[in-house]
Amino acid sequence: MNEYRLAYDESIAHPDIFWGRVADSFTWKQRWSKVRSGDYHQVNYTWFDEAKLNITENCLDRHLLALGEQTAYIWEPNDPKEAVRHISYNDLHNMVCRLANGLSAMGVKKGDRVCIYMPMVPELAVSLLACARIGAIHSVVFGGFSAQAIADRVNDADCHWMITADGVYRGDKKLVLKSIVDEALERCPGVRNVVVLNHRNFDITMYPKRDIWWHDVIEHQSETHDAVAMDAEDPLFILYTSGSTGKPKGVLHTTAGYMVYAGYTFANVFQHQHDDIYWCTADIGWITGHSYMVYGPLLCGATSVLFEGVPSYPDWGRLWDVVDKHRVTIFYTAPTAIRALEAQGLEHFKGKSLSSLRVLGSVGEPINEEAWNWYHENVGHQRCPIVDTWWQTETGGILIAPLAGITPTKPSFATLPLPGVIPVLVDAQGNELLEKNAEGNLCIKQSWPGQARSVYGDHDRFISTYFATYKGLYFTGDGCRRDDDGYYRITGRVDDVINVSGHRIGTAEVENAIDEHENVYECAVVGIPHAIKGQCLFAFVACHHQPQNMTALSKEIHKLVSEKIGSFARPDYLCAVSGLPKTRSGKIMRRIIRKIAEGEPDKIGDITTLLNPEVVEEIKIKVAEVIKAPVS
Ligand code: WTA
């Protein structure tokens, strides 16, 4: 712990020396002239100016001499009866080089955007790395998004290329990804070619001029490739995430700072050792998968399990089987999965040893004390430290977390900031709360290397979303408590973002989808607590005609949300009302409907200043009925 304190103090007092030393452990084609430049207030901060590098040389080439035959990925298929694949660093290097050569031959160049929509197979990691190898910017879209959501993201980033697969089984569900892509691309005239991996031999349509099989792209391609020299601040990837307003933002990360931060945090938070078998259950389609399934572990020469399946298939003991089968030592998952397993009782642990586990991690949403204790006791057998890691798509890597086995933990606390990170709590007026014991909105005071640089194509939006609320501070959108020990506990979003099973969902996006229904003239979506998902969506709709059949309406609304976003964003509750409570200026009072939906109608406060206070009584009655017998 003393070492942590010293490192932290140095990182704040002398950030250039601290991060320069961390960066020295990586391979550079040309060294930087300055560690940090630019101005936080002007939102033009940069890291490692004038350095040249390729992140994939750091993930792959530099390990080959010592670790070439070591496994980089253990691929565990959806069906436990199917064969496991072991992919060594040599194999991965060859696969990446061949695809990089193949993409180059197709005309993909440095700076081009490539959209990736794939199942959890090693070729997904290969796709990201092959793009990075040639300097193309990858934009991964999670495999649960709909055709419309893909199209929006492809068009926003102006992607000319896509990489996908025929499809996948997740649990017993068959997903034909290629046909979703086909539908999406009807709206994307800019896409020239689609590379298609034949993963499951599904019957799909290949459009002759546009679609090319993965195996044809890499055929005859060399197993070596001269990695393109990237400038430190050249974009590495775009990843879309939901905010409180409008369409999703393409969060932009650049090369050198992201690399240094992903590698440093992976090594330190998990205290990764060379003989560890690391397993992060996150999909590569989210930031956790980018930083802690692909870049972080590969930068450290780690061996990772890449799991195609789901925790409940073929039964709820599946995760523990995988832990035992591969002797997993570090296990990193989301509170939602923990609570879902907890709800199944203890039967699924029968016959499972879990003795290989050394460190447990949690990410994506606040972990409640009960789930933390359950995890600690039943999975960690009270022996494994839990690292509750707080961070965001925009932060590139973990900002607040214990260091495994070093920082004393406390259930439901993400504990202390990592070196280089200065968290501050502010009140609604933007005053910094200086006392230790405080609660407020969480901001970060100074740039760290992994920080997002922009929103793709819209730097003004980046500034207005993150740097305009509180002057000179990056605003996270999260509420947070700090205790007498200086430990941080994240309490959840304070904006209109709802965290459902660790998926960030913007209420505005869901409302836009529901508004498309011909009978709906107005709607509002709020988040309410949910025992397993953390939060779920509660939708209120005001209709032109009183709906006769709520089950039918609910189905239609689910269909719309699934089409516009993806089925993970469907509301759990639907309530039809004659109107929504509004201020005199016409703004919907979400606070009021949220309180009612949360089952606290007595806490809505004064409603006399509303434009239409009469609707509140009706909403209370309708919500009580819906909660008793939800239609969705
Ligand atoms: C929430 C996921 C509490 C938080 C890495 C944040 C957490 C949002 C934690 C970012 C945690 C993430 N404790 N809340 N350990 N980790 N969050 O961009 O609200 O998908 O703002 O990144 O998840 O979600 P994102």
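We count ligands from 1, going down the list as the structure has it; atoms in each ligand are counted the same way.
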Checking the side chain of R482 only, and the main-chain atoms of E435 only, is there a donor and an acceptor separated by less than 3.5 Å? yes
Would you say that more than 12 heavy atoms from the other residues, nucleotides or ligands in this model lie under 6.0 Å from the CD of E370, or not? no
Under the rule for ring-ring contact (aromatic ring centres under 6.0 Å, His included), what residues qualify as partners of F413, not counting sequence neighbours? none
Please output the residues near ligand 1 using a strict heavy-atom distance under 4.0 Å, listed in chain and residue-number order. I287, T288, V363, G364, E365, P366, D388, T389, W390, W391, Q392, T393, D478, I490, R493, N499, R504
Side chain to side chain donor-acceptor pair (under 3.5 Å) with W390: which residues, sequence neighbours excluded? D478
So, using ring-ring contact (aromatic ring centres under 6.0 Å, His included) as the criterion, who are the partners of W372 when residues are at least two apart? H376
Residue of the set K410, R489, K436 for which salt bridge (Lys or Arg N to Asp or Glu O under 4.0 Å) holds with D483: K410
